[in-house]
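Let me begin by presenting the structure, written as structure tokens, before commenting on it.
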Amino acid sequence: MQLGLIGLGKMGGNMRERIRLAGHTVIGYDRNPELSDVSSLAELVDKLEAPRTVWVMVPAGAPTQSVVDELGGLLSPGDTVVDGGNSRWTDDEKHAEELGAKGIGFVDAGVSGGVWGLKNGYALMVGGEKEHVDRLQPIFDALKPEGHYGYVHAGKVGAGHFSKMVHNGIEYAMMQAYAEGWELLEKVHSVTDVREVFRSWQEGTVIRSWLLDLAVNALDDDEHLEKLRGFAQDSGEGRWTVEAAIDNAVPLPAITASLFARFASRQDDSPQMKMVAALRNQFGGHAVESAKE
């Protein structure tokens with residue numbers, strides 16, 4: 001299958017490679033000419049055979065809107081656009097309507113896997129009409145992890161990004177719990193090897209998880225996280241999750257508290273946020289701030 005892929009950063013570049021390894025043709029475009037296979041979106045569209053599929057992996061908001069607008073003028077009826085970035089689900093509904101008026105299909109795909117996705121595969125949460133989703137199944141199969149799990153057609157347009165948003169909200173709360181436990185263990189004098197306590201939890205406990213494994217990786221790199229400043233950014237999806245909870249009158253005390261803890265990290269050098277920052281760097285390659293900054 002042929003695919004156009006726009007945005008070849010940390011996620012998009014690895015996705016291109018994984019899809020190619022599965023035997024598909026990927027033509028990639030990025031503003032960085034060193035990463036790009038073509039010089040423009042127009043050239044990318046011209047090189048694809050109809051019906052075309054173009055997957056967008058650019059930052060949410062104005063950058064995604066700009067790309068969707070340009071593709072709307074380049075693509076033809078019967079083509080399909082996939083937004084695999086972290087767009088807000090309400091934007092998906094707008095994009096589907098805009099492109100649908102021109103006969104162009106739209107699918108939203110929440111993608112999780114970070115910098116490890118090339119090796120392990122990407123969890124995919126997809127929203128859109130069945131006819132559009134089914135045509136893309138070979139690409140989804142190439143990206144997903146091996147086995148029965150890691151892919152879901154979650155529902156209508158917007159369902160993929162809404163599911164990914166909730167996933168990230170849960171991720172916030174899980175990281176916060178590990179961070180709080182780590183700070184408490186570091187604080188008491190009786191526990192002399194916090195890193196090995198975390199490592200001991202990796203087998204046989206109910207709190208074992210990939211995030212725990214990544215916490216151990218981070219502690220192996222910097223045992224007391226002394227190189228990091230206690231500051232953790234939020235991607236926006238935690239905020240959207242809390243806003244959606246308010247709109248739907250669903251109580252989310254743990255996720256909401258974890259979001260507010262991120263805000264607190266911008267006022268003080270928080271020990272807990274050192275662990276959260278380390279975890280975000282481990283799974284997603286997100287930037288961290290040095291303790292010296």
Side-chain angles (χ1 to χ4, degrees), residues 9-11 13-14 59 86 110-123 164-242 254-293:
K10 288 177 291 190
M11 288 277 282
N14 282 346
N86 282 333
V111 182
S112 181
V115 296
W116 299 82
L118 174 58
K119 176 183 177 182
N120 298 336
Y122 299 88
K164 175 59 165 38
M165 177 195 75
V166 174
H167 165 280
N168 282 22
I170 294 170
E171 175 189 294
Y172 271 53
M174 291 176 66
M175 287 195 290
Q176 184 64 27
Y178 284 128
E180 290 175 8
W182 173 78
E183 183 182 0
L184 181 57
L185 287 166
E186 285 276 341
K187 196 75 172 179
V188 302
H189 297 298
S190 58
V191 180
T192 57
D193 199 336
V194 175
R195 177 177 59 188
E196 292 309 308
V197 171
F198 262 59
R199 198 187 311 278
S200 76
W201 294 343
Q202 289 182 275
E203 297 292 341
T205 74
V206 296
I207 63 167
R208 63 190 185 274
S209 71
W210 187 38
L211 276 176
L212 178 62
D213 296 340
L214 295 176
V216 173
N217 288 350
L219 295 174
D220 281 339
D221 293 339
D222 180 8
E223 182 174 357
H224 301 289
L225 303 182
E226 294 170 328
K227 300 175 184 177
L228 300 181
R229 180 185 165 210
F231 174 95
Q233 191 58 265
D234 69 283
S235 63
E237 288 182 294
R239 300 186 189 209
W240 299 343
T241 305
V242 173
I255 293 173
T256 302
S258 68
L259 174 64
F260 286 177
R262 298 274 183 104
F263 298 160
S265 78
R266 297 165 203 180
Q267 299 171 341
D268 301 296
D269 188 19
S270 166
Q272 293 171 21
M273 286 305 123
K274 291 184 178 185
M275 175 58 77
V276 172
L279 283 168
R280 294 181 81 243
N281 177 258
Q282 285 285 326
F283 69 73
H286 299 289
V288 295
E289 295 194 13
S290 169
K292 298 179 180 179
E293 293 179 0

In chain order, what residues pass the salt bridge (Lys or Arg N to Asp or Glu O under 4.0 Å) check against Glu196, with sequence neighbours excluded?
Arg199
Are the side chain of [X] and the backbone N or O of [Y] linked by a donor-acceptor pair below 3.5 Å?
| X | Y | answer |
| --- | --- | --- |
| Asn281 | His286 | yes |
| Arg262 | Gln233 | yes |
| Arg208 | Thr205 | yes |
| Thr241 | Met165 | yes |

Partner set under side-chain hydrogen bond (donor to acceptor under 3.5 Å, both in side chains) for Asn168, not counting sequence neighbours:
Lys164, Glu237
Looking only at heavy atoms, what is the nearest atom pair of Val276 and Ala179, with distance?
CG2-CB, 3.7 Å
What one should report as the nearest heavy-atom pair of Phe283 and Met175 is CE2-SD, 3.5 Å
Trp201: partners by ring-ring contact (aromatic ring centres under 6.0 Å, His included), with sequence neighbours left out
Phe198
How far does [atom1] of [X] sit from [atom2] of [Y], to the nearest 0.5 angstrom?
| X | Y | atom1 | atom2 | answer |
| --- | --- | --- | --- | --- |
| Ile207 | Gln202 | CD1 | CD | 10.5 Å |
| Lys274 | Arg229 | NZ | CZ | 11.0 Å |
| Tyr178 | Leu279 | OH | CG | 9.0 Å |
| Leu228 | Met275 | CG | CE | 9.5 Å |
| Asp234 | Phe260 | CG | CZ | 11.0 Å |

Between the side chains of His224 and Glu186, does any donor sit under 3.5 Å from an acceptor?
yes
Considering only heavy atoms from C-beta outward, does the side chain of [X] approach that of [Y] to under 4.5 Å?
| X | Y | answer |
| --- | --- | --- |
| Tyr172 | Met174 | no |
| Asp193 | Arg195 | yes |
| Trp116 | Asn14 | no |

Under the criterion side chain to side chain contact (heavy atoms under 4.5 Å, CB included), I'd like the reasoning laid out for Ser270 against Phe231: C-alpha separation, chi angles, the key distance, then a yes or no.
CA-CA 7 Å; Ser270 166; Phe231 174 95; over 6 Å; no
Stepwise side chain to side chain contact (heavy atoms under 4.5 Å, CB included) test for Asp213 and Asn217
CA-CA 6 Å; Asp213 296 340; Asn217 288 350; 5.5 Å; no
